[in-house]
Amino acid sequence: MEKYLPRYVPFFTLLALSGFLFLLWSITSLESWNCQTVSTFYQLQNSIQSVLKTSEFFLPVEFNYSFCAHLGQEPSGEEAREESYLLKSIAWPEPSILGLPLRQSSDPAQSYYSIQDPGELQVGGQLVVKVQMHNFLGQPKKHGGDFLVARLHTPELAAGVAGQVHDHGNGNYTVFFPLLWAGVVQVELIMIHSSEAVMVLRRLREEQSDRVFFKSLFRSGYLSETTLCNLCLPVKQQPLCNYTDPQTGEPWFCYKPKMLDCDTRINHSKGGYKKHLLTVYESQFFQSGVNIKIPIHPAGVENVTVLPASKVRTKGMHLKFTPSGYYYQGSWRPSSGVVMRQFNASSVITQCLRGKMVYMYGDSTVRQWYEYLIAHVPELKEFNFHSPKNVGPYMAVDSNRNILLRYRCHGPPIRFTSVSSAEMHYISNELDGLRGGSDTVVMISIWSHFSTFPVQVYIRRLRHIRRAVIRLLNREPATLILIRTANLQKLDPESSLFNSDWFSQQLDAVLRAMFKGLNVQLVDAWEMTLAHHHPHQLHPPPDIISNMVNLILSYICPVRRKRRRG
Ligand SMILES: *[C@@H]1O[C@H](CO)[C@@H](O)[C@H](O)[C@H]1NC(C)=O
Ligand SMILES: *[C@@H]1O[C@H](CO)[C@@H](O)[C@H](O)[C@H]1NC(C)=O
Ligand SMILES: *[C@@H]1O[C@H](CO)[C@@H](O)[C@H](O)[C@H]1NC(C)=O
Ligand SMILES: *[C@@H]1O[C@H](CO)[C@@H](O)[C@H](O)[C@H]1NC(C)=O
Ligand SMILES: *[C@@H]1O[C@H](CO)[C@@H](O)[C@H](O)[C@H]1NC(C)=O
Ligand SMILES: *[C@@H]1O[C@H](CO)[C@@H](O)[C@H](O)[C@H]1NC(C)=O
């Protein structure tokens, strides 16, 4: 989630012994050294120097982690049924042949799309695009499973909308776009991963769910030790500290420190990322500029003209895909029915938030909303908790207007730099501590830190959050709950293995299904990043954040309430 760290962990034990000289040596010998790493390194080193005892640090071992998903409470019969339904609904097409050589895998450069006989296109209609995937030999692919995303856009109008891709399972795909504005529209089609790469990601997700690992610092008096932590750990190596949450049953474990007690845990942080996850064969499917996030070009026309809707609407027009919104002149227009308002001055925002308590829970992508509001509303004064930067918890208030804004990160697994063990709270437990009501707004974003785990882990977490949401809505039905979906991000060969959009898309489908029908509003960050012209980024740029915040505030202060007194 945070900046990608080089693998300094193997040096940890050695460093403890040889101290500063070793650090200097490391700086000159490690390639991708950055400032953040250096400061983390100093922190680690200082904490080592403050004790006489050498901390032991264990590297994760090769391990079959497939049992991990069900560690913790067994799901009930109904939960197990839902889980199997959800897993089925996101099942990815399996290629009929495994182990295809690279030359027979999908090559976006030789694949193409063609716009289906457009006829006369009008606003209200749809555009259909056929895609034919080819391999590096230029031959048509015979199986599906490539991960493609698409958008339709008009740069001059700063307009864009996501498309929906249908996989025919034979190397052909069809993409549907709704036509929502008049003008010349062009198609953008991107292969995020080949089907062959997706197979590798699936293997990693099930077998290497410890490829991001965590650690905790234990301290008592002058003694301190650091051990490895995760959702599950091989038991045989060493005794465990069991930090399973008593309220939810969410599992979390650390290796027990040699000298110290499990009760002496001080904080939690990201340990690092495993290396050498792929075989030489597998790594061929993860090449920047070759088969990660590569555009697919058109055969024939790449743009078509959409006319304004005619008086006589085409009857029986059945749209295959209804997006959650689209951009027009840079502004998001949601299709959920909420009227989008522009909160373009701090006074308009404070007017809207007057009397509200806004609670944000989750990862750094919901923290962006907090940061946006703090930056744009000078009346919101931050309370200094002396929290670590980018970790929180955070709080800001405008006591004149009785506005409260809070942010707190979700419970482990979380790849933040350093979370105090006292601040490791699960969202569901936090929700249980809210009274709720029409003055309460809850915003949740939880997805990115789950990308390396089997989907069952995410389902279990969402199940707990959903139960707490239902309890909260039962206590106070007027509570507004907004849930942010996953978004697309920049990928390279390495980050693909940990943060691929493919993992995010799988989790996102589960999130949408699990909260369907509940009185919660989704903020569709997936479509908002896909439809936008800005390159994909884990933390979307201000243009997108401002649209998200406008959307959120439009839910908090809908137009129809505008004329009320106050
Ligand atoms: C992982 O363990 C399970 C159960 O012990 C076993 O069925 C499976 O084949 C193992 N997978 C690998 C890749 O070793
Ligand atoms: C894929 O589409 C092309 C063009 O429409 C067609 O010629 C081809 O037969 C299709 N392939 C399969 C396997 O159906
Ligand atoms: C951890 O603790 C939980 C609840 O306290 C218990 O159900 C679970 O079996 C324990 N797990 C291990 C591996 O000790
Ligand atoms: C439409 O595409 C053609 C090439 O296919 C290009 O020459 C033309 O400039 C494009 N028009 C717009 C408005 O993008
Ligand atoms: C803010 O938005 C309103 C429309 O909602 C517009 O009339 C006004 O000019 C905008 N103000 C600024 C400063 O952009
Ligand atoms: C953990 O806590 C200690 C003591 O409060 C602090 O010095 C350190 O920076 C924290 N973070 C890490 C990663 O150890």
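All residue numbers refer to positions in the sequence shown, counting from 1. None of these values were measured; they are calculated from a predicted model. One-based numbering, in listed order, for ligands and for the atoms of each.
Two rings, from Trp252 and Phe214, have their centers less than 6.0 Å apart.
Taking the six-membered ring where the residue is Trp, Trp502 and Trp92 present perpendicular rings, their angle passing 60° and hence far from 30°.
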N/O pairs closer than 3.5 Å, ligand 2 and protein:
{"residue": "ligand 2", "atom": "2 (O)", "partner": "Asn172", "partner atom": "OD1", "Å": "3.4"}
{"residue": "ligand 2", "atom": "2 (O)", "partner": "Asn172", "partner atom": "ND2", "Å": "2.2"}
{"residue": "ligand 2", "atom": "11 (N)", "partner": "Asn172", "partner atom": "ND2", "Å": "3.0"}
{"residue": "ligand 2", "atom": "14 (O)", "partner": "Asn170", "partner atom": "ND2", "Å": "3.1"}

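Judged purely by distance below 3.5 Å, without hydrogens or angles, the side chains of Lys256 and Gln238 never pair a donor atom with an acceptor atom. Remark: the Gln247 side chain and the Tyr426 side chain contain no N/O donor-acceptor pair separated by less than 3.5 Å. Between the side chains of Trp447 and Ser504, no donor-acceptor pair of N or O atoms lies under 3.5 Å.
Every atom of ligand 3 is numbered from 1 in the order shown, and the set under 4.0 Å from a heavy atom of Phe253 is 11 (N), 12 (C), 13 (C). Close contacts of ligand 3 with Asn242, meaning ligand atoms under 4.0 Å from a residue heavy atom, involve 1 (C), 2 (O), 3 (C), 8 (C), 10 (C), 11 (N), 12 (C), 14 (O).
For the pair Leu127/Val187, a side-chain contact is recorded, criterion being any heavy-atom separation below 4.5 Å from C-beta on.
With hydrogens and angles ignored, the 3.5 Å screen pairs a side-chain donor or acceptor of Gln126 with a backbone N or O of Lys320.
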